[in-house]
Trainee: 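For reference, the structure I am asking about is given below.
Chain naming here is simple, since letters A, B, ... match the order of the sequence lines and numbering starts at 1 in each.
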Amino acid sequence: MKFDVQAIDERWQRYWKEHKTYRTTNDTTKPKYYVLDMFPYPSGAGLHVGHPLGYIGSDIVARSKRQQGFNVLHPMGFDAFGLPAEQYAIDTGVHPSVSTAINTKRYQEQMERLGLSYDWDRAVNTSDPNYYKWTQWIIGQVFEHWYDKHLDRARPIGELIAHLEQHGTEGLHAAESVAQHCTAAAFRGMSAKEQSDFLMNYRLAFRSVSYVNWCEALGTVLANDEVKDGRSERGNHPVVQKPMLQWSLRITAYAERLLQGLEEVDYSDGLKAQQRNWIGRSTGAQAFFDIQGHDQPLEVFTTRPDTIFGVTFMVIAPEHELVEQLTTPEQAQEIKDYLAYVGSRSEVDRQAETKVTGAFTGSYCINPLNGALVPIYIAEYVLKDYGTGAIMAVPSDDERDKRFAEKFGIEIIDVIDKSNYPGATLKDKVGILINSDFLNGMEVPDAIEAATAKLRELGRGEEQVNFRIRDLVFSRQRYWGEPWPIIYDANDVPHLVPEADLPVELPAMEDFRAVSGESPLKRATDWNTTPQGRRETDTMPATAGSNWYYLRYMDPHNSEEFVDRKVADYWQDVDLYVGGAEHAVSHILYSRLIHKFLFDLGKVPTQEPYRKLLNQGMIGAPITSIQLGVLLTEDGQRHPVWVGANVAEGTPLEVEGLGKGHLVLDESAGTRKVPLRIVEESSVNNIPSFRIYKEAVEQIAQDEAQDAAYFRTVLQQGSSFIWEKDKEGRLYLELSAQVGKMSKRYHNVINPDDISVRYGTDCFRMYEMFLGPIDQAKPWSVSGIDGVYRFLRRFWNLYVGNDDRLNVSSVAPSKEEMKVLHTLIKKVTEDIDKLSFNTCISAFMVAANELSRLKCNKEAVLEPMVRLIAPFAPHIAEELFAALGGQGSVHHAAWPEVEEQWLVEDSFTYPIAFNGKTKLTLDFPADATAEEVETLARANSGVQQQLEGKAVRKVIVVPKRMINFVVG
RNA sequence: GCCCGGAUGGCGGAAUAGGUAGACGCGCUGGACUUAAAAUCCAGUUUCCAGUAACGGAAGUACGGGUUCGAUUCCCGUUCCGGGUACCA
């Protein structure tokens, strides 16, 4: 048996496929364990080395749980709807379903080569009609439900209609977009369209106006990703915020439960904090300010009602519905200009802005507690969707309000005296009220209560809980997504497509461009015209398919239901969910929402989908660039040339054929990305250096890879190369480099394939795990992979002699050998549990080093080690397991048990510290008491030497830890 | 801007109920084996000072403070890097 990693990989991957080694049945007699990876979007660049980091980690857990006797569900699938495939289709004319199928196939092959133990029979694809039928069904159910705040759950819309018909809105406690009131008679008297519009205010999937990035020149809505500095990334056209009628999901109805649910799940504190902040619960008060000369009051939400006597202006969002009415003729131009400015600003820009901007409407409102006249401004720092889109500004107690007041010359009234709280900032809710009438002398918390009570008493406000989270816009004017299963009748009333008619499949189309903001589906008139009426042409966002996919894996072929309740009762929830930190908020939050909704429908047994969550860190790669400079020759000619990144402006240069001159770096100079694949990395005086060699540049001419075509066009931009010579005399150029995200557009995607082929899959797997803690971001580098390869070789040599024959002995192992084995079993078992895979690899290395040193080839030691390494190196483990006579697959063999008897230590090495500094170590019996240890230590000559001439003030002894003499 | 995370030798990292900082691996240096190279094996490798030598001395976990007999670990502040910021997935 040879250590031929390619042959071993191939043999066992074939075996697993043929024997369906990883098939999972819904066998309810075994305890279940569900390990899930976030499924990938199958992009054209293929799998990169960052993907497997999580996949390998979860695979190790899945395999070890399988060996521990669990029925393990470990599936994989594809999040196949999305923007890039559609953009690619627009660019190339290749239908998204075609490119998606190609990419999906490639991803699956790549994953199979990583030896991941997925049950591919359960694979799902969100763009498959058999899958998205159920996405449509679920979202349809969301449409058919409303939220009862009393019972705290979703209820069928029919029950709401019944209530409205009998009682109107009297006694109704429903989650709603705006406060609505009507009597039973009034409701019954409405037309079908009026009733439908009335109900939209309550439906959990509803239509309303929201803002989108509108690009007039492209005639389409753009993703935030496609907008840079208020302009489209493609074509550099202006982008404005435009209101559009869109479908949304009422996630706000579930805000409280999404917050509470965090208590019962095992996510990191940081992640929980991010979710909490996203939900953003705050307690405060609503307050109504009458507007001078208007009937309607201005409603604000404030967390600091106590500061109401310090209100010297009001700010409403530029999109606030009252802006037009409040703008006086004198201020009309100023407001118009400001609105134009705001319209060009993205939300991130608006919130990130440190500069204060705003405009006065010309109107005033009246402080309900002291009757003061307060000017009303609009400003971009107030967001339309947060609270009521209006704030009462207290410049003395809020940083942003203060800057605004200073800029616009508005009065500042101090209302809080913080002199009793040294070091307290404006953010701290502490102090004594001043200049505040009946609140004077109160502490802030009491004043908040008193002010709220006063507002309530006057009928001008009430205590209120507010959430930062906004309803989730769920419409896209795009082709490549699930069509909304909605048909509008002749009265424009939306109706859900009946379950029997699902899925609503995408029509065959060739042109996917959106025109004048309408979905491309609008042009598929054969498809969108039905006897019942016209179809909704908006599609759903990519999150629609991904927020419930973990349920489909449980029962992937069920044609009656998205998942059988009995099957869901068995699998319950995901025990371990592994995926990128970039999904930590939105994806997790949205699937938690859908899960809770399905729980309300009685379709799933649990309140939370993911019991434990692990975010793997991103793997970065160098983004390398070559410098294009200008050679200004003595005759005044300019020649574009490629120069090393280390060559400075003004350096004298000479190029054969062009002549002498010097380097100029001006606006026609710049840098161009170089495909990382053809770059050589080296280090000079321990400083990493990236170079492109002349050979690589010459070879690019025949290179057929995609990035080669790109690079050929780039290289034409320079007429010559200013090569440098390395110590071997090879010609190269120095490149500049920074570490960044692996992405096709940086040409720095590193594929796992080449590495697996060269070193074998097991080496690649162990190397990725050995890089460091799985949850930390790290740069990719292959330096060090040789060390892992050498380890595997050494591990193999414990079993196999130089003659390539199995060489194990049945002789009973020594105590020392058994200690090595059981130390390893203990460490690896514990560390898998802690998801600390890098330290598992180190432990294997330590054990292999020890056993090599001991020249141990005892089967009683080596056989359990094969079962222990199986989750990490599944191919080599199978090979050795079979050679040792194991039956079946090692991946179904039992996990080794720790026998503590081998781990007992007789003595402990104590560090002896003096004033906290360790000076020497001494061995004492492991069972010695603190007093005995101190006596033994004091008797030691080395200790006495240290203590000579010094007074011992205190001795601290922690048995089996350390000893510290405090001297002085 | 706001929210979250991170920072330890030349490099990836190890060690937290606070108790020997640098396990393991890479790289580098020297040696063995070899005609030679590769592979393999052995030794050394935080920095500075001192030294023929030794269980020699000092400093050291991004930076500045604090708590403690003792801090990489806990607390306060700062800097830099990464992720998210609601239509990339």
Trainee: By nearest nucleotide on RNA chain B, pick out whichever of A:Met618 and A:Ser783 is the more 5' one.
Mentor: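 It is A:Ser783 whose nearest nucleotide is closer to the 5' end.
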Trainee: Round to the nearest Å and state the distance from A:Met244 atom CE to B:C87 atom C1'.
Mentor: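 Going from A:Met244 (CE) to B:C87 (C1'), I get 12 Å.
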Trainee: Is the backbone N or O of A:Ser210 less than 3.5 Å from a side-chain atom of A:Lys384, with the two atoms forming a donor-acceptor pair by type?
Mentor: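 Checking the backbone N and O of A:Ser210 against the side chain of A:Lys384, no donor-acceptor pair under 3.5 Å is found.
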Trainee: Which letter, B, S or -, goes with each nucleotide of nucleotides 74-80 of chain B from 5' to 3', with contact meaning a protein heavy atom under 4.0 Å?
Mentor: -------
Trainee: Relative to the 5' end of RNA chain B, which residue comes earlier, A:Ala777 or A:Gly270, by the nucleotide with the nearest heavy atom?
Mentor: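 Between the two, 5'-proximity favours A:Gly270.
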Trainee: Between B:U40 and B:G5, how many Å separate the two C1' atoms, rounded to a whole number?
Mentor: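 To the nearest whole Å, 43 Å.
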Trainee: Pick the P atom in B:G83 and in B:U78, then give their distance to the nearest Å.
Mentor: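 Result for the P pair: 23 Å, nearest Å.
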Trainee: Whether A:Arg476 contacts B:C87 is assessed here as follows: a side-chain N or O lying under 4.0 Å from the phosphate OP1 or OP2. Is that the case?
Mentor: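 Yes, because at least one side-chain N or O of A:Arg476 sits under 4.0 Å from OP1 or OP2 of B:C87.
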Trainee: In whole angstrom, give the distance that lies between atom CG of A:Leu383 and atom C1' of B:C2.
Mentor: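 After rounding, the gap between these two atoms is 11 Å.
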Trainee: Quick one: list whatever passes ring-ring contact (aromatic ring centres under 6.0 Å, His included) with A:Phe837, sequence neighbours left out.
Mentor: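 With sequence neighbours excluded, A:Phe837 shows a ring-ring contact (aromatic ring centres under 6.0 Å, His included) to no residue whatsoever.
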Trainee: Using O4'-C1'-N9-C4 for purines and O4'-C1'-N1-C2 for pyrimidines, with syn meaning within 90° of 0, is B:G82 syn or anti?
Mentor: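 Classified anti.
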Trainee: Under 3.5 Å, side-chain donor or acceptor atoms of residues 44-55 of chain A against the rest of the protein: list the pairs with distances, not counting sequence neighbours.
Mentor:
unit_1, atom_1, unit_2, atom_2, d
A:His48, ND1, A:Gly50, N, 3.0
A:His51, ND1, A:His48, N, 3.1

Trainee: Check whether any side-chain nitrogen or oxygen of A:Asn615 sits under 4.0 Å from OP1 or OP2 of B:G83, and answer yes or no.
Mentor: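 Answer is no, no contact under 4.0 Å.
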Trainee: My understanding is that only residues two or more places apart in sequence, or in another chain, count here; which of them pass side-chain hydrogen bond (donor to acceptor under 3.5 Å, both in side chains) with A:Ser346?
Mentor: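 Listed in chain order: A:Asp349.
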Trainee: Determine the interatomic distance between C1' on B:A32 and the same-named atom on B:A39; round to the nearest Å.
Mentor: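 One C1' to the other, the span is 14 Å.
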Trainee: Return the orientation label for the A:Tyr549 and A:His587 ring planes: parallel under 30°, perpendicular over 60°, tilted otherwise.
Mentor: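 Rings of A:Tyr549 and A:His587: tilted, 30 to 60°.
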Trainee: Take the protein atom OH of A:Tyr789 and the nucleotide atom P of B:A38, then report the distance between them rounded to whole Å.
Mentor: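 After rounding, the gap between these two atoms is 17 Å.
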Trainee: If I pick the P atom on B:U61 and the same atom on B:G66, what distance separates them, to the nearest angstrom?
Mentor: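 Their P atoms lie roughly 15 Å apart.
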Trainee: Of all the choices, B:C69, B:U20, B:C87, which nucleotide is nearest to the side chain of A:Pro911 once you look at every atom?
Mentor: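 Nearest nucleotide to the side chain: B:U20.
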Trainee: Round to the nearest Å and state the distance from A:Trp780 atom CH2 to B:C26 atom C1'.
Mentor: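 Value for this atom pair: 13 Å.
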Trainee: Hey, where does RNA chain B pair up into stems, meaning at least three consecutive Watson-Crick or G-U pairs with distances under 3.5 Å?
Mentor: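 Expected stems, ordered by start: B:1-7 with B:79-85, B:10-12 with B:24-26, B:27-32 with B:40-45, B:46-49 with B:56-59, B:62-66 with B:74-78.
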Trainee: Can you tell me how the ring of A:Tyr910 sits relative to the ring of A:Phe924, calling it parallel under 30°, perpendicular over 60° and tilted otherwise?
Mentor: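 Correct class here is tilted.
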Trainee: Looking only at atom P, what distance separates B:C11 and B:A86, rounded to whole Å?
Mentor: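 So the two P atoms sit 37 Å from each other.
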Trainee: With rounding to the nearest 0.5 angstrom, report the SG to CG distance, A:Cys215 to A:Leu222.
Mentor: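 Between A:Cys215 SG and A:Leu222 CG, I get 5.0 Å after rounding to 0.5 Å.
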Trainee: It should be established whether A:Asn849 places a side-chain nitrogen or oxygen under 4.0 Å from OP1 or OP2 of nucleotide B:G25.
Mentor: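 Answer is yes, contact under 4.0 Å.
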Trainee: Taking the inter-plane angle between the rings of A:Trp484 and A:Phe474 on a 0 to 90° scale, is it parallel (under 30°), tilted (30 to 60°) or perpendicular (over 60°)?
Mentor: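 Perpendicular.
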Trainee: Between A:Asp269 and A:Lys272 (salt bridge meaning N to carboxylate O under 4.0 Å), is one present in this structure?
Mentor: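 No, this pair does not count.
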Trainee: Among residues at least two apart in sequence or on other chains, which ones pass ring-ring contact (aromatic ring centres under 6.0 Å, His included) with A:Tyr211?
Mentor: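 Listed in chain order: nothing, the list is empty.
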Trainee: Expressed as a whole number of angstroms, how long is the span from A:Phe844:CZ to B:A14:C1'?
Mentor: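 So the CZ-C1' distance, A:Phe844 to B:A14, works out to 17 Å.
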Trainee: Between the protein and nucleotides 58-66 of chain B, which nitrogen or oxygen pairs are less than 3.5 angstrom apart?
Mentor:
unit_1, atom_1, unit_2, atom_2, d
B:A58, OP2, A:Lys919, NZ, 3.4

Trainee: Distance check, C1' atoms only: B:C76 and B:C28, in whole angstrom units.
Mentor: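 41 Å, rounded to whole Å.
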Trainee: Tell me whether A:Thr921 contacts the main-chain N or O of A:Thr909 through its side chain, where contact means a donor paired with an acceptor under 3.5 Å.
Mentor: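 Answer holds: no.
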Trainee: What residues form a ring-ring contact (aromatic ring centres under 6.0 Å, His included) with A:Phe78, not counting sequence neighbours?
Mentor: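 For A:Phe78 there are no ring-ring contact (aromatic ring centres under 6.0 Å, His included) partners, ignoring immediate neighbours.
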Trainee: Counting distance alone, no hydrogens or angles: does the base of B:C3 have a donor or acceptor under 3.5 Å from a partner atom on the side chain of A:Asn277?
Mentor: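 Per atom types, no contact qualifies.
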Trainee: A:Ile619 has an atom CD1; how far is it from atom P of B:G6, in whole Å?
Mentor: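 Value for this atom pair: 18 Å.
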Trainee: Throw together a table of side-chain donor-acceptor distances under 3.5 angstrom for residues 790-797 of chain A, partners on residues two or more places apart or in other chains.
Mentor:
unit_1, atom_1, unit_2, atom_2, d
A:Arg794, NH1, A:Asn849, OD1, 2.3
A:Asn797, ND2, A:Arg793, O, 3.3

Trainee: I'd like a table of atom pairs between the protein and nucleotides 39-49 of chain B - only N or O on both sides, under 3.5 Å - with the distance next to each one.
Mentor:
none

Trainee: Rounded to the Å, how far apart are A:Leu271 CG and B:G83 C1'?
Mentor: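 It is 11 Å, rounded to the nearest whole Å.
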Trainee: Please pick, from B:U85, B:C87, B:G12, the nucleotide with the shortest atom-to-atom distance to any side-chain atom of A:Lys778.
Mentor: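 When the side chain of A:Lys778 is considered, B:G12 is the closest of B:U85, B:C87, B:G12.
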Trainee: Residues two or more places apart in sequence or in another chain: which of them pass ring-ring contact (aromatic ring centres under 6.0 Å, His included) with A:Tyr789?
Mentor: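 Only A:Phe3, A:Tyr759 meet the ring-ring contact (aromatic ring centres under 6.0 Å, His included) criterion with A:Tyr789.
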Trainee: Please table the atom pairs, donor to acceptor, closer than 3.5 Å between any side-chain atom in residues 615-623 of chain A and protein atoms at least two apart or in another chain.
Mentor:
unit_1, atom_1, unit_2, atom_2, d
A:Asn615, ND2, A:Gly579, O, 3.1
A:Asn615, ND2, A:Gly580, O, 3.2

Trainee: How long is the line joining CZ of A:Phe965 and P of B:C69, in whole Å?
Mentor: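 Atom-to-atom, A:Phe965 to B:C69, this comes out as 17 Å.
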Trainee: Give the nucleotide from the list B:C3, B:C87, B:A15 with an atom nearest to the side chain of A:Gln274.
Mentor: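 Output: B:C3.
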Trainee: When the C1' atoms of B:A62 and B:C81 are considered, how many whole Å apart are they?
Mentor: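 11 Å, rounded to whole Å.
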Trainee: Measure from the side chain of A:Asn213, starting at C-beta and using heavy atoms only, and say which of B:A86, B:C87, B:C69 lies closest.
Mentor: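 Nearest to the side-chain atoms of A:Asn213, counting from C-beta on, is B:C87.
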Trainee: Below 4.0 angstrom, N of the basic side chain to O of the carboxylate: do A:Arg853 and A:Glu850 qualify?
Mentor: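 The answer is yes: the pair qualifies as a salt bridge.
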